[in-house]
Amino acid sequence: MQAFSSLFRRSSIHGPCKPPECLAAQHLLGEMPHRNSTRLNALLSAHVRDKDPSSALLLFFQMHRHSIPLDGFSFNPVLAACTALPAAGSHLGRQVHALMLKTACASELIPATSLLDMYSKCGLSGDAVAVFDEMPERDIITWNALLSCFISNGHAQRAINTFSSMVKNRVQFTGFTVSTVLKACASLLSHSQGLQLHGLAVVTGCLHSLVTATSLVDFYSSCGMVVQAIQVFTGFDCPKDSKMCNTLLSGFVQNQRYNEAFKLLGQTTPNTVGLTCALTACSETLNLEYGKQIHCAVLRHDFNSETILCNALVNMYAKCGEIHSAHSAFSLIEEKNVVSWTCIIDAYGRHGHGSEALELFKEMESAEGSPTGVLPNAVTFLSVLSACGHSGIIDEGRKCLNLMRDKYGIEPGPEHYACFIDMLGKAGRIEEAWDVYSRVAGEGRLNVGVCVAMLNGCKVCMDLERSEVVAQHLMELGEDRAGVYILLSNFYAANGRWEGAENIRKVMGYRGLSKVVGSSQIAIG
DNA sequence: TTAGGGTTAG
């Protein structure tokens, strides 16, 4: 148990252990007159219920030190506590697992299911599957936890395959199962399988469950089938809760049905998720007036400590052109996360203030070591690169690409290279752009974005020879967006290559592509 | 012991 003790101490350095609670727990165990397992297990559960996983872990550790017998009722809450500690949970969880093996609880149904769930939520799906495989008995909750494990760890198809084999093997599933598998169908946009699940939900009566019906609304919205989402929503004849309303609201926003989203928002009690969705609608429609009204609602309902909602507020002001309001909203975010920083960096970048965006990125970097500091991610770097591009600060863009790889260990993706090629091309530095393009192509990582950025660079420099190579790559990628073909065709035409332009139009014809006429929008007054 | 809704990109 020494190893467990040292790991726990190490975890406290990173913050999850709060000293006052730790002292309270130690004190409590020393003074408790009847230190029996049942009372202490109840206390463990209470700590987890009170969202105080550090105290639960410390108490568990003390129980072990005082040789208080541990059983399933001790392991279930302590595993939940591990799950709630992202920094140290998996290390501590492994130590708890070792103790479960020693006490033979690892082969009991409920503790083993908790163990599977702990590994799953700590991102260790391989360990979760190993626990599942070794379980001597399983119930439907174990199966549901396994399905959930696959989905939350990015293996949605495996969840669907597992469900198929459950049906074949006549495993009696529940509404939990249907909701979970619907989530997999939504993430894979697996339309036909989702429809089959809808049928199963009707036949088995699961559709009377609020959660299952909500999952179905989410599935249809994700697949762009808003009419069916509305039908499930309105056909649900029991009282709807805020999650179900927000699911449809989010579906309206995802499918650009903004007026319906605003209307539904007006029919619900204001809550953070609904307002966040509505702010996205304001950002997309540049509706500053509604955005300001939502900001008032945020202040009125005292939601201004909600980071996700405040991030949406920053984004709304930035998209609506109000950079100063975006900055004020950003400054007031109490717990800024990586998205908060990315939003404000992007805001300055898209307004052409590249040096301010870079300053903010440096500020973000310098705050890294502080308790409130956060690390940049791939999207942050894309925003920084984009800001450099909008302001033509090429050398800083190059430094940024190196920094993300060398300091943060994030491998630039095609989207980062596309951004870099774009800025080189716009500056007329076609040779450098071509070097980067050729390297990406050599690594087999070309995508449409990289090709289009290079093609635009060729257009700036009127480099017909290279543009033909890029055009060939685009054809090989099977691009089906008309805009890309129009770009190519116009390029040929600008160079007097009418035959080339004609060929492109023919390709568009037999691929059935036509360009949607572009439009712009301005707000007056 | 398992399940449903929200924020960042080109």
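Residue numbering restarts at 1 for every chain, and letters A, B, ... go by the order of the sequence lines.
- Rounded to whole Å, the distance from CE on Met118(A) to C1' on dT1(B) is 13 Å.
- Aromatic ring pairs are classed by plane angle as parallel below 30°, tilted from 30° to 60° and perpendicular above 60°; the pair His327(A) and Phe330(A) is tilted.
- In summary, the aromatic rings of Trp143(A) and Phe132(A) are positioned with their centroids under 6.0 Å apart.
- Between the side chain of Thr214(A) and the base of dG4(B), a donor-acceptor pair under 3.5 Å is found.
- In the region residues 264-281 of chain A, proximity to DNA chain B at under 4.0 angstrom, judged on heavy atoms, holds for Asn271(A), Thr272(A), Val273(A), Thr276(A), Cys277(A), Thr280(A).
- Note: CD1 (Ile410(A)) to C1' (dT8(B)) measures 14 Å, nearest angstrom.
- Of the possible donor and acceptor atoms, one in the side chain of Asp71(A) sits under 3.5 Å from a partner among the backbone N and O of Ser74(A).
- You'll find the ring centres of Phe236(A) and His208(A) outside the 6.0 Å limit.
- Out of dT1(B), dG5(B), dT7(B), the shortest distance to the side chain of Asn337(A) is found at dT7(B).
- Not a single donor-acceptor pair, N or O on each side, falls under 3.5 Å between the base of dG6(B) and the side chain of Asn311(A).
- Within the structure, every side-chain polar atom (N or O) of Ser250(A) is placed at least 4.0 Å from both OP1 and OP2 of dG5(B).
- Residue contacts for Leu249(A): at a heavy-atom cut-off of 4.0 Å it reaches no nucleic acid atom on any strand shown.
- The ring of His97(A) has its center closer than 6.0 angstrom to the ring center of Tyr119(A).
- Among the protein residues, Asp422(A) comes within range of no part of the nucleic acid, since none of its heavy atoms lies under 4.0 Å from any strand.
- In this structure the side chain of Met100(A) reaches within 4.5 angstrom of the side chain of Pro111(A), judged on heavy atoms.
- The side chain of Arg350(A) places an N or O atom within less than 4.0 Å of a non-bridging phosphate oxygen (OP1 or OP2) of dA9(B).
- Atoms CD1 (Ile151(A)) and C1' (dT2(B)) sit 11 Å apart, rounded to a whole Å.
- The side chain of Lys121(A) contributes an N or O atom lying less than 4.0 Å from OP1 or OP2 of dA3(B).
- If you look at Tyr437(A) and His473(A), their ring centroids are closer than 6.0 Å.
- Rounded to a whole Å, the CG atom of Asp241(A) is 14 Å from the P atom of dG6(B).
- Of the candidate nucleotides dA9(B), dG5(B), dT1(B), dG5(B) has the atom lying nearest to any side-chain atom of Asp218(A).
- Comparing atom distances between the Leu309(A) side chain and each of dT2(B), dG6(B), dT7(B) picks out dG6(B) as nearest.
- Candidate nucleotides dT2(B), dT7(B), dG4(B) were compared by shortest atom distance to the side chain of Ile141(A), and dT2(B) ranks first.
- For the pair Arg445(A) and Tyr417(A), the NZ or CZ position fails the cation-pi test of under 6.0 Å to the six-membered ring centre and within 45 degrees of the ring normal.
- Rounded to an integer number of Å, the gap from CG of Leu401(A) to P of dG10(B) is 15 Å.
- Atom CE of Met244(A) is separated from atom C1' of dA3(B) by 14 Å (rounded to the nearest Å).
- Under 4.0 angstrom from either OP1 or OP2 of dT7(B) there lies no side-chain N or O belonging to Lys319(A).
- Atom CZ in Phe361(A) sits roughly 17 Å away from atom P in dA9(B) (whole-Å rounding).
- The side chain of Glu415(A) lies closest to dA9(B), out of dG6(B), dA9(B), dT1(B).
- Listed candidates were dT2(B), dG4(B), dA9(B). Nearest to the side chain of Ser383(A) is dA9(B).
- When distances run from any side-chain atom of Ser209(A) to the nucleotides dT1(B), dA3(B), dA9(B), the shortest one goes to dA3(B).
- Rounded to an integer number of Å, the gap from Phe176(A) CZ to dA3(B) C1' is 5 Å.
- Here the side chain of Ala312(A) is nearest to one of dT7(B), dA9(B), dG5(B), namely dT7(B).
- Remark: aromatic rings of Tyr290(A) and Phe262(A) are close, center separation under 6.0 Å.
- Looking at the side chain of Ser386(A), the nearest of the listed nucleotides dT2(B), dT8(B), dG10(B) is dG10(B).
- Checking dT1(B), dG6(B), dG4(B) against the side-chain heavy atoms of Lys243(A) singles out dG4(B) as nearest.
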